[in-house]
Amino acid sequence: MSERSLKGTWKGRGGKVSKPSSPMIGMVYEGTNKFFGKKVIGVLIEMFDQNDEAVLRTIENKLISVDKNSLKIVA
């Protein structure tokens, strides 16, 4: 029998997982502080659609408001 690589496949079929288009609560993101303009890394706690704002909880357990459009996932 011939061998083949099954890495990244499901039941022998290859495929890629698509990224979600909207940020997911509970994931780690980097964003720009809405008031001071500094980069902040933290876990996404909540999002507000009215004023394009999101809240990140930092490692120091502080809640910081960031611009929703500046969110980038940390890998």
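We number each residue from 1, following the sequence as shown.
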Worksheet item: Any idea which heavy atoms bring G31 and L71 closest together, and the distance?
Response: CA-CD2, 4.3 Å
Item to complete: Can you sort out the partners of D52 under side chain to side chain contact (heavy atoms under 4.5 Å, CB included), two or more places apart, ordered by chain and number?
Response: D67, K68, N69
Practice prompt. Is it possible for you to say whether I73 and L56 belong to one hydrophobic cluster, with membership spreading through side-chain heavy-atom contacts below 4.5 Å?
Written response: yes
Worksheet item: Who pairs with T32 by side-chain hydrogen bond (donor to acceptor under 3.5 Å, both in side chains), at least two apart in sequence or on another chain?
Response: none
Worksheet item: Would a hydrophobic clustering, with Ile, Leu, Val, Met, Phe, Trp and Tyr connected at side-chain separations under 4.5 Å, put M27 with M47?
Response: yes
Discussion item. Test of understanding: with side chain to side chain contact (heavy atoms under 4.5 Å, CB included), list the residues that count as partners of I25, not counting sequence neighbours.
Written reply: L44
Discussion item. Could you work out, with side chain to side chain contact (heavy atoms under 4.5 Å, CB included) as the rule, every residue matching E30, not counting sequence neighbours?
Written reply: K39, I41, V74
Worksheet, complete the sentence: Sequence neighbours excluded, the answer for side chain to side chain contact (heavy atoms under 4.5 Å, CB included) partners of N51 is F48, E53
Worksheet entry | Residues forming a side-chain hydrogen bond (donor to acceptor under 3.5 Å, both in side chains) with Q50, sequence neighbours excluded | none
Fill in: V66 vs K34 side-chain heavy atoms within contact, under 4.5 Å
no
Item to complete: Output yes when a side-chain donor or acceptor of Y29 lies under 3.5 Å from a complementary backbone atom of S70, and no otherwise.
Response: no
